[in-house]
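Notes follow once the structure below has been shown.
Just so you know, these numbers come straight off a predicted model, no measurement behind them. Just so we're on the same page: letters track the sequence lines, and every chain starts at 1.
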Amino acid sequence: MDMDKVYRPESFEGGIYEQWERDHRFAPSYDATRPAYSIALPPPNVTGSLHMGHAFQQTIMDCLIRYHRMKGDNTLWQCGTDHAGIATQMVVERKLMKEEGKRRQDLGREEFIRRIWKWREESGGTITRQMRRLGASVDWDRERFTMDEGLSRAVREVFVRLYDEGLIYRGKRLVNWDPALKTAISDLEVINRDTQGHMWYIRYPLADGIKTAAGADHLLVATTRPETLLGDTAVAVNPADERFKSVIGKDLLLPLVGRRIPIVADEHADMETGTGCVKITPAHDFNDYQVGRRHGLMMVSILTEDAHIREAGECFDTNGQPLGEADGRIPEAYRGLDRFEARDRMVEDLKAQGLLERIEDHELAQPFGDRGGVPIEPMLTDQWYVRASVLGKEATAAVDDGRIRFVPQQYTNMYNSWMRDLQDWCISRQLWWGHRIPAWYDQEGKVYVARDLEELKVKYHLGSTEGLTQDPDVLDTWFSSALWTFSTLGWPDDTRELRMFHPTSVLVTGFDIIFFWVARMIMMTMHFMKDSEGRPQVPFHTVYVTGLIRDEEGQKMSKSKGNVLDPLDMIDGIAIDPLVQKRTANMMQPQKAQQIERRTRKQFPGGIAAHGTDALRFTLCALASNGRDINWDMKRLEGYRNFCNKFWNASRFVLKNTEGIDPAAFAAPDLSVADRFIISRLSRAIERVEESIAAYRFDQVATTLYEFIWNEYCDWYIELTKVTFQEEGVSAAQRSATAHTLLAVLEAVARLAHPVMPFITEVIWQGAAARLCTLKDGATVMEAAYPSASEWARDEAAEETVSFIQDLVVSVRNLRAEMGLPPAPFLKAIIRGACQRDEETCCECLPFIRCLARIDQVAFAKSGEQLPPCASKPLREYEVLLPLEGLVDPQDEIKRLSALREKLERNIKGTEARLANEAFTSKAPQEIIEGARSQLALNRTQLDKVLAQLKALGA
RNA sequence: GGACGUUUAGCUCAGUUGGUUAGAGCAUCUGCCUUACAAGCAGGGGGUCGCAGGUCCGAGUCCUGUAACGUCCACCA
């Protein structure tokens, strides 16, 4: 492939990926003699689109996968998508309403589900297309969907087995009810938001003329939810509370309703809080529910499924059995009202009856449904539960004893604290989109659970299944995703993939779904998957938890803030108008659109430039330090795009300058010191990259690659090779050795960097390998062997020699710049006081030094030897001097040297003080003391030189 | 209320088991269109490491306290 002068990733990235996919390069080798390495992709929402978090996590997964594949491991990246019950159903419902003005009920369940499948057909490809653009090397042939037949079978299998083992049960319990979505949701889907509300103080009159110790004829009750008064079945006071001891066991008359309710003694009532009297509404408050159970109180459900007041309260005993004749009457005035409307009316009525003592402002954390967006309501309903407390035991132990490790470690605490008091998991949802619960009921309401009707007949000895109706509910989405690592590998069948790839190696995910997904996956997997000795198998050995990607101001990216960055826009670029449109379309709060447009236009006046996939991936890796959140920085992306350009152009240089080389003519003895230097440095870089990958430190991987490629390979090595190519008197064999080294290192670096930057490295690798004549037909860098540090000879002598050259060259450049001399003209340099070895090295490397420092002549002088006026710089043990020859005002040079003198004197004083300290010399390790001594000696030598030079200049 | 995280250059961040004079990129300043690259090259300036104590010969690093910001969990009648 020809390489353009300017790096244009869009011109080749897409094509390379298509070729890889066409050739099925992403499939595992299935070579059982090789170690297995596998990652299960956290399944994104099938109808979703790729956001920065996905791009981040997938980049990291792809790095790991590509690295292990190149290491020769039998590598599987299992991919797929999630049906995302509520989210998807909501999207399709909204679309239905917008386009046809219909609700899902208008279509009926079957038709509605058909529409969702259709929607999935149409828009389900977005995210997988985007993953391809990102370069994700997932095995597309094994793509799964949580609702496809195989996974659905796994879901039924798990449900039935857990039910038969008593680990799934059905019961009427208080659940978090989302009145907007009309479904139960789990604790985790409830978001507590601080809101400004009120506290109402309501008088509950005592029945039968009784009075409190203080002589009051009522109890004062404080509440933030006055409307739930309709469901009150008691008022609780603390048993030790002297104020109310005398009325315990007596009755109150429930305001507005007139029902007699008892005063009960319960520790739940805190003497210090509120008025000391708590109204008890067992059917609409989690604490009250517990109080109700302790005291055998009736539970009165007063709300409908959309949170309106019922015509009459539904009454249940503490076990949830209906109480037909009980008194659950609701005053006519409130029937059918919305809960908040009812509240206003009731407060008015209480006020009118003189039962409202006062209202205070009160800040409270109000529970909201994270999807529905309205306050949730605790409601008594029949739901299915998983006994998480039982399944959680193994799952907790696995993290405790290190079978599962969190990276970074601090997430272990988060996991443990949640697992410690695990609540049973409500898994039924009153939705249509999802896995239908495999339970049936007969006319009497008896429950039958089986994988299908055929099995049900046999299991329950039924002649016919006629008259049975299936439970209408579906399972929580996280129920099926909890099985992800093994259901995607073919479970419950005993497949080759399960045996090879389970447990998976690592899970890469965000901290936000540790509870939703990670913990439940561990529970389910350890219950169902056993190793050959019957011990529970973990789903993965390591959980790598990534931080969140925020905008440049540290704000969370969100549609409503209009600060979302689409990774695809950073790859391919986007003009400003489409970007504005994208950010302001389909907004929940359209009034914010103008502000968002203004800010977007200000931030991206010219839109977003194309940066390419490799630059994006490199940036994501570079920012991925230790699981902390990332404040996205476009400048950083630009910098790494420039880095790609640098790498690209360096490769062009190499290919251009190695035309016609004969790789076979290369011989090790002909390697120059520069060649040996870069080979040695490469070895170190490889070692460092591998260590960093093992430690999940992708920032270090990126830094190591950046520094090696830019600072060492480009800035020094390539510049040094120019000398070899241009200098007269260099043998053809030596030129050939250098050309070979240039190519060989480039080829290896392409392999080294491939996991992070898959596309540019493919182009470069192909070019370098072709030139080296090692390229086989149809070969790709992604299947080439990962470079090994031991294949590249360490040569400390060469590194030291090049370091000598670098010091000298940099010193001359410094002097030149500090003296304000133009960089181009050649100068004469004098080295004074160098030891013989340094002089020899200098002579050997003269061509390099001459060329890089732009010095046409180097002379040596003895220490203390008088020279004409010079600019000087102490370096190591010697001194570099450039004759002034009227080029510079000696006064400037005196100023410069005086500053240097001060600095040296400061250092000397500090080091002397340290060495004079008896405690230091007696306690510090020998090598530190030695270091300080030689530092002191060096500084003193240098100071002497500076002083002598100042004297020579007449200061 | 409980737990955790962060605080280092103008900005975004590194800084391994404590060890000389704390690093990088971006930004900034100076000089260069040197035939791989101006998306570049060479060089410079810029930090009392949130604050206060303590341990130690030695603290950005360890300990205690404290502040600000952030996150999670719990509670709030």
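- Without hydrogens or angle criteria, A/R901 side chain to A/R896 main chain gives no donor-acceptor distance under 3.5 Å.
- Remark: the separation of the P atoms in B/rU6 and B/rG50 is 12 Å, to the nearest Å.
- When rounded to the nearest whole Å, the span between CG of A/D370 and P of B/rC72 equals 12 Å.
- Ring geometry for A/F511 versus A/Y411: interplanar angle under 30°, hence parallel rather than tilted (30 to 60°).
- In this structure, A/L422 atom CG and B/rC73 atom P are separated by 14 Å, rounded to whole Å.
- Relative to the six-membered ring of A/Y706, A/K646 misses at least one condition, a distance below 6.0 Å or an angle of at most 45° to the axis.
- Ring to ring, A/W648 and A/F759 are not that close: their centroids are 6.0 angstrom or more apart.
- Between B/rA14 and A/T703, no contact under 4.0 Å exists linking OP1 or OP2 to a side-chain N or O.
- The side chain of A/R697 places an N or O atom within less than 4.0 Å of a non-bridging phosphate oxygen (OP1 or OP2) of B/rG15.
- Summary of the strand contacts: A/F515 and A/K635 both lie near RNA chain B, and taking for each the nucleotide with the nearest heavy atom, the more 5' one is attributed to A/K635.
- Side-chain to base pairing of A/R813 with B/rA42: no donor and acceptor N or O lie closer than 3.5 Å to each other.
- Applying the 4.0 Å criterion to OP1 and OP2 of B/rC75, one finds that A/N192 has every side-chain N and O outside that range.
- Within 4.0 Å (heavy atoms only), A/E719 reaches at least one base atom of the nucleic acid.
- On the P atoms, B/rU8 is 15 Å away from B/rA52, given to the nearest whole Å.
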Polar atoms only, N or O, under 3.5 Å: list the protein pairs with nucleotides 3-8 of chain B and their distances.
none

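- Within the structure, every side-chain polar atom (N or O) of A/N649 is placed at least 4.0 Å from both OP1 and OP2 of B/rG40.
- Using a 4.0 Å cut-off, no side-chain N or O of A/K556 falls inside it from OP1 or OP2 of B/rU71.
- In this structure, A/D232 reaches neither bases nor backbone, as no heavy-atom distance under 4.0 Å exists between it and the strands shown.
- Between atom CD1 of residue A/I678 and atom OG1 of residue A/T721 there is a gap of 10.0 Å, rounded to the nearest 0.5 Å.
- If you check distances only, the side chain of A/Q935 does reach the base of B/rU21 with a donor-acceptor pair under 3.5 Å.
- In this structure, OG in A/S625 is found 9.5 Å from CD in A/Q700, a value given to the nearest 0.5 Å.
- The side chain of A/N645 sits closest to B/rC37 out of B/rC76, B/rA36, B/rC37.
- Among the nucleotides B/rG43, B/rA14, B/rG19, the one closest to any side-chain atom of A/R914 is B/rG19.
- Checking B/rG43, B/rA14, B/rC76 against every side-chain atom of A/N814, the shortest atom distance belongs to B/rG43.
- Using a 4.0 Å heavy-atom cutoff across all strands shown, A/A236 reaches no nucleic acid atom at all.
- With both pairing distances under 3.5 Å, B/rG25 is matched to B/rC11 as a Watson-Crick or G-U wobble pair.
- Put simply, A/K5 has a side-chain N or O that comes within less than 4.0 Å of OP1 or OP2 on B/rA38.
- Partner assigned to B/rU34 is none, using Watson-Crick or G-U wobble distances below 3.5 angstrom.
- The nucleotide whose nearest atom lies closest to any side-chain atom of A/Y7 is, among B/rA39, B/rG40, B/rG43, B/rA39.
- Pair assignment for B/rG5 gives B/rC69, based on Watson-Crick or G-U wobble hydrogen-bonding distances that are each under 3.5 Å.
- Ring-plane geometry between A/F643 and A/W710 is classed as parallel, the angle between the planes falling under 30 degrees on a 0 to 90 degree scale with a further cut at 60.
- One finds a side-chain N or O of A/W710 lying less than 4.0 angstrom from the OP1 or OP2 phosphate oxygen of B/rC41.
- Of the listed nucleotides (B/rG43, B/rG40, B/rC76), B/rG43 has the atom at the smallest distance from the side chain of A/V810.
- Comparing A/Q366 and A/R8 along RNA chain B, the residue whose closest nucleotide (by nearest heavy atom) sits nearer the 5' end is A/R8.
- A distance of 4.5 Å separates CG of A/D629 from CZ of A/R550, quoted to the nearest 0.5 Å.
- Residue-level contact check: A/C714 touches the bases, meaning some heavy atom is under 4.0 Å from a base atom.
- No hydrogens or angles considered: a donor-acceptor pair under 3.5 Å links the side chains of A/E360 and A/Y201.
- Remark: B/rG53 base-pairs with B/rC63; criterion is Watson-Crick or G-U wobble with both hydrogen-bond distances under 3.5 Å.
- Between the C1' atoms of B/rG46 and B/rG25, the separation comes to 15 Å (whole Å).
- At whole-Å resolution of the value, CG in A/L815 and C1' in B/rG31 are 16 Å apart.
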